[in-house]
Amino acid sequence: MELQQVLEQKVKEAANSIFKTDLPSVEFQPTRKDFEGDLTVVVFPMLRTIKGNPVEIGTKIGQYLQEHVEAIAKFNVVKGFLNLVVSDYYYLSFFNSILGKERFGYQEPNSKDAVMVEYSSPNTNKPLHLGHIRNNLLGYSVAEILKAAGHKVYKTQIINDRGIHICKSMLAWQKFGEGETPESSGLKGDHLVGKYYVEFDKTYKNEVAQLISDGKEKALAEKEAPILLEAQEMLRKWEAGDEDVVSLWKKMNGWVYEGFDTTYKNLGVDFDHLYYESNTYLLGRNVVKDGLEKGVFFKKEDGSVWIDLTEEGLDEKIVLRSDGTAVYMTQDIGTAIQRVTDFPDINGMVYTVGNEQDYHFKVLFLILKRLGYSWAEKLYHLSYGMVDLPSGKMKSREGTVVDADDLIKNMEETAAAISKDLGKLEGYSEEEKKVLYRTIGLGALKYYILKVDPKKRILFNPEESVDFQGNTGPFIQYTYARIQSILRKAGDSTTSAIENSFALHPKEKELLKQIQLFPEKVLEAANDHSPALIANYTYDLVKEFNSFYQQVSILGESMTIKRNFRVQLSKKVGEVIQDAFHLLGIQVPERM
RNA sequence: GGUCGCGUAGCUCAGCUGGAUAGAGCAUCUGCCUUCUAAGCAGACGGUCGAAGGUUCGAAUCCUUCCGCGAUCACCA
């Protein structure tokens, strides 16, 4: 990075002194594997300001660089590409400069604006499923990446604890539950509540079918099924503060939270601050009233309030019902403002929500901008694709979901089975093994999901399950474990100083180049809100290391200088793997 | 219908701020455990980058049109 800046300067200098022209910019790229060199200057763009043959121009600039830049050892020109060979000395100096640095690649903590990252935000009427897992992993990872990029980060979620959906579970439990509790049934709280949500749906469907066979029209039957009317009545009571309903609501939500907590803990995600919709759903109405006075919104004859977004190519959007009650949008406006009030230092928020809500967030951000909030410019919808099954969409009501808890358990079991098969864990206690199986199982799952570009949809086939070989979490964890094994055997060479007076093996040089990329990858991932960039970077690093490991003897090297260097190089690769995986929320094992 | 996103090897994905013969993994096939963990390494096979135009010295990458898949356009959340 630094070298590239120096080179850009020097190339401009060269153009100036040789061709008497100013170059607006210089284009670099890593040299392709099939050519000699480390960094390549593309000559073609210069032809706009320098007339002549690209090979000649490249050669002249190459000569200039070789003479004036110490780090450039050699060069060659192929067509319009000036390939620069960077000296071993340069890479060794670079390595020395980061040797003692912890978390090389992370920026100074809290050196940038505070950002709030929202993720998870589930409904409280059913357990979490694979879709929530993607959301959680993405949100958590992006939060960690933003931290590493220097931001202060608040992780949050808004728990959708009120509404018709939870009333459905409550009602079904009241009718059919016979006082069942998590304790009495042995069911995890969220699963118990989810069970009654499914119960409700069954009854509802039966009632609708009955009404239809009695001669009702379908649409009417769906609106008038007695159990639905009852649920709606229950919601009204809740809003009126009916004691019995509220206390049932508290009890069942409590069960769900306990269940969620377990799942979050197992997944390894956490939150700094929680918002509950039951506290925030009334927010926003005053803001809308103010906005109405300021002319941001307008009122229709029936009293409903709207915003006109046709100038932006969107439609009119309702922000307050004619009866004065809030819609989803009203609430989100209020919540956003509330958050900035609660955490005055935040300048920017990330909403981790599926791409089915793209339109909603586009509108929300526009409204906040029109209301004149400066931070509204820095809102980001981390929109991700749905996780689908081969059979289609996951539907909780119909039971066609991959349950989060089941999936995590499955992954652990698969990891255990493979580990036992390989049998490399002699000396490990049962407890240590359990921890390891979890590390590997979760590593496989998290990597599998995070390595794909967030905006792409994922087709998850439970039959084929998640791989443990190739471009996978366990592959990377395995490399880390191998490195730790070397370090255990290396003795004092893990800390001895590095001399930079020897020739690098090509594999060593490649590794150093790859390590050098880490800081910019972190910034890029933060900028793009994409954990996939970190995953792919780590994979490339690890592949490079394994190739080195295979070809070059580390502990078997007889020259002490080289042996020490290789040990330290391996150690640093291990650190980068660990730090990179930390950004994905994945643990690394000492052995596996 | 309008808007947005996606379409790269049999499968899963990189590459997309334009640059050299488009890269990995899985699957299939071939080698490599008397040397630091074979969840590994080395190699073979496999591509009209959805299609057609355009911009450019140069396009998987940018623009237009079309096709396919998905989402969205509620006084639902």
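Labels below follow one simple rule: chain letters A, B, ... track the order of the sequence lines, proteins then strands, and each chain is numbered from 1.
- Separating the CZ atom of A:Arg457 from the C1' atom of B:rC13 is a distance of 15 Å, rounded to the nearest angstrom.
- Residue A:Ser547 is in sugar-phosphate contact alone, with no base atom involved, counting any heavy-atom pair closer than 4.0 Å across all strands shown.
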Between the protein and nucleotides 35-37 of chain B, list every N/O to N/O distance that falls short of 3.5 Å.
unit_1: B:rC36; atom_1: O3'; unit_2: A:Lys489; atom_2: NZ; d: 3.0
unit_1: B:rC36; atom_1: O2; unit_2: A:Ile554; atom_2: N; d: 3.4
unit_1: B:rC36; atom_1: O2; unit_2: A:Leu555; atom_2: N; d: 3.0
unit_1: B:rC36; atom_1: N3; unit_2: A:Ile554; atom_2: N; d: 3.1
unit_1: B:rC36; atom_1: N4; unit_2: A:Tyr549; atom_2: O; d: 2.3
unit_1: B:rC36; atom_1: N4; unit_2: A:Val552; atom_2: O; d: 2.7
unit_1: B:rU37; atom_1: OP1; unit_2: A:Ser485; atom_2: OG; d: 2.8
unit_1: B:rU37; atom_1: OP2; unit_2: A:Ser485; atom_2: OG; d: 3.3
unit_1: B:rU37; atom_1: OP2; unit_2: A:Lys489; atom_2: NZ; d: 2.9
unit_1: B:rU37; atom_1: O2'; unit_2: A:Tyr478; atom_2: OH; d: 2.0
unit_1: B:rU37; atom_1: O2'; unit_2: A:Arg482; atom_2: NE; d: 3.2
unit_1: B:rU37; atom_1: O2; unit_2: A:Lys424; atom_2: NZ; d: 2.7
unit_1: B:rU37; atom_1: O2; unit_2: A:Met592; atom_2: O; d: 3.3
unit_1: B:rU37; atom_1: N3; unit_2: A:Met592; atom_2: O; d: 2.9
unit_1: B:rU37; atom_1: O4; unit_2: A:Met592; atom_2: N; d: 3.1

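- Between the CD1 atom of A:Ile57 and the P atom of B:rC57 there is a distance of 15 Å, rounded to whole Å.
- Taking atom CE on A:Met394 and atom C1' on B:rG70, their separation rounds to 15 Å, with Å as the unit.
- Atom name C1', nucleotides B:rA14 and B:rU61: the rounded distance is 14 Å, in whole Å.
- Among residue pairs with one or both ends in residues 120-135 of chain A, those qualifying as side chain to side chain donor-acceptor pair (under 3.5 Å) are A:Glu118-A:Ser121, A:Ser120-A:Asn136, A:Ser120-A:Tyr264, A:Asn123-A:Asn160, A:Thr124-A:Asn253, A:Asn135-A:Tyr384; sequence neighbours excluded.
- Using a 4.0 Å cut-off between a side-chain N of Lys or Arg and a carboxylate O of Asp or Glu, A:Lys300 and A:Glu316 qualify as a salt bridge.
- Take A:Asp315 and apply the salt bridge (charged side-chain N to carboxylate O under 4.0 Å, His left out) test, not counting sequence neighbours, and it matches no residue.
- Rounded to whole Å, the C1' atom of B:rC69 lies 11 Å from the corresponding atom of B:rG50.
- Stem regions for RNA chain B, each three or more consecutive Watson-Crick or G-U pairs with both distances under 3.5 Å and listed by first number, read B:1-7 with B:67-73, B:10-13 with B:23-26, B:28-32 with B:40-44, B:50-54 with B:62-66.
- The ring-ring contact (aromatic ring centres under 6.0 Å, His included) check on A:Tyr197 picks up nothing, with sequence neighbours excluded.
- Using a 3.5 Å distance cut-off with no hydrogens or angles, the side chains of A:Arg457 and A:Asn355 do not pair a donor with an acceptor.
- Put simply, CD1 on A:Ile307 is 17 Å from C1' on B:rC73, counting in whole angstrom units.
- Ion pairing between A:Arg438 and A:Glu412 holds under the 4.0 Å rule for side-chain N and carboxylate O.
- Aromatic ring pairs are classed by plane angle as parallel below 30°, tilted from 30° to 60° and perpendicular above 60°; the pair A:Phe365 and A:Phe361 is tilted.
- For the pair A:Ser141 (side chain) and A:Pro531 (backbone), a donor-acceptor distance under 3.5 Å is absent.
- Taken residue by residue, residues 322-333 of chain A places heavy atoms nearer than 4.0 Å to RNA chain B at A:Ser322, A:Val327, A:Tyr328.
- Residue-to-nucleotide proximity on RNA chain B shows that, of A:Ala415 and A:Lys317, the 5′-proximal contact is made by A:Ala415.
- In B:rC32 the O4'-C1'-N dihedral to the base is more than 90° from 0, which defines an anti nucleotide.
- With sequence neighbours left out, the ring-ring contact (aromatic ring centres under 6.0 Å, His included) criterion links A:Trp249 to A:Trp238.
- At the phosphate of B:rA77, neither OP1 nor OP2 sits under 4.0 Å from any side-chain N or O atom of A:Asn160.
- The pair A:Glu239-A:Arg236 does not count as a salt bridge, with every side-chain nitrogen at least 4.0 angstrom from each carboxylate oxygen.
- Between A:Phe475 and A:Tyr539, a ring centre-to-centre spacing shorter than 6.0 Å is recorded.
- Among the protein residues, A:Phe468 comes within range of the nucleic acid bases, having at least one heavy atom under 4.0 Å from a base atom.
- Atom CD1 in A:Ile318 sits about 15 Å away from atom C1' in B:rC73, given to the nearest Å.
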Could you list the donor-acceptor pairs under 3.5 angstrom formed by side chains in residues 37-52 of chain A, with sequence neighbours left out?
unit_1: A:Asp38; atom_1: OD1; unit_2: A:Lys513; atom_2: NZ; d: 2.9
unit_1: A:Asp38; atom_1: OD2; unit_2: A:Val86; atom_2: N; d: 2.7
unit_1: A:Asp38; atom_1: OD2; unit_2: A:Lys509; atom_2: NZ; d: 2.9
unit_1: A:Thr40; atom_1: OG1; unit_2: A:Thr31; atom_2: OG1; d: 2.7
unit_1: A:Thr40; atom_1: OG1; unit_2: A:Asn83; atom_2: OD1; d: 2.7
unit_1: A:Thr49; atom_1: OG1; unit_2: A:Met46; atom_2: O; d: 3.2

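- Among the protein residues, A:Ile164 comes within range of no part of the nucleic acid, since none of its heavy atoms lies under 4.0 Å from any strand.
- Partners of A:Lys455 under the salt bridge (charged side-chain N to carboxylate O under 4.0 Å, His left out) rule, at least two apart in sequence or in another chain, are A:Asp453.
- Comparing B:rA44 with B:rG25, their C1' atoms are spaced 16 Å from each other, to the whole Å.
- Take A:Tyr276 and apply the ring-ring contact (aromatic ring centres under 6.0 Å, His included) test, not counting sequence neighbours, and it matches A:Tyr257.
- With sequence neighbours excluded, the residues that form a side chain to side chain donor-acceptor pair (under 3.5 Å) with A:Glu36 are A:Lys74.
- Spacing of C1' atoms, B:rG18 relative to B:rG54, comes out at 15 Å, to the nearest Å.
- With no hydrogens or angles considered, no side-chain donor-acceptor pair links A:Tyr549 and A:Glu544 at under 3.5 Å.
- Separating the NZ atom of A:Lys455 from the P atom of B:rG7 is a distance of 8 Å, rounded to the nearest angstrom.
- Between A:His381 atom NE2 and B:rC4 atom C1' there is a gap of 12 Å when expressed in whole angstrom units.
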Annotated protein contacts, base or backbone, on nucleotides 15-25 of chain B with a non-hydrogen cut-off under 4.0 Å, one of B, S, - each: S---BBB-SSS

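- When the P atom is compared between B:rG5 and B:rC41, the two are found 37 Å apart, to the nearest whole Å.
- Nearer to the 5' terminus of RNA chain B, by closest-nucleotide assignment, is the contact made by A:Pro454 (compared with the other of A:Lys507 and A:Pro454).
- Heavy atoms of A:Asp540 sit nowhere under 4.0 angstrom from any nucleic acid atom.
- Using atom C1' as the reference point in both B:rA9 and B:rG47, the two lie 5 Å apart (nearest Å).
- Across B:rC6 and B:rG15, the matching P atoms stand 12 Å from one another, rounded to whole Å.
- In this structure, the CG atom of A:Leu366 is 14 Å from the P atom of B:rC4, given to the nearest Å.
- Between the C1' atoms of B:rA24 and B:rU65, the separation comes to 34 Å (whole Å).
- Of the candidate nucleotides B:rA77, B:rU72, B:rG5, B:rA77 has the atom nearest to the side chain of A:Glu277.
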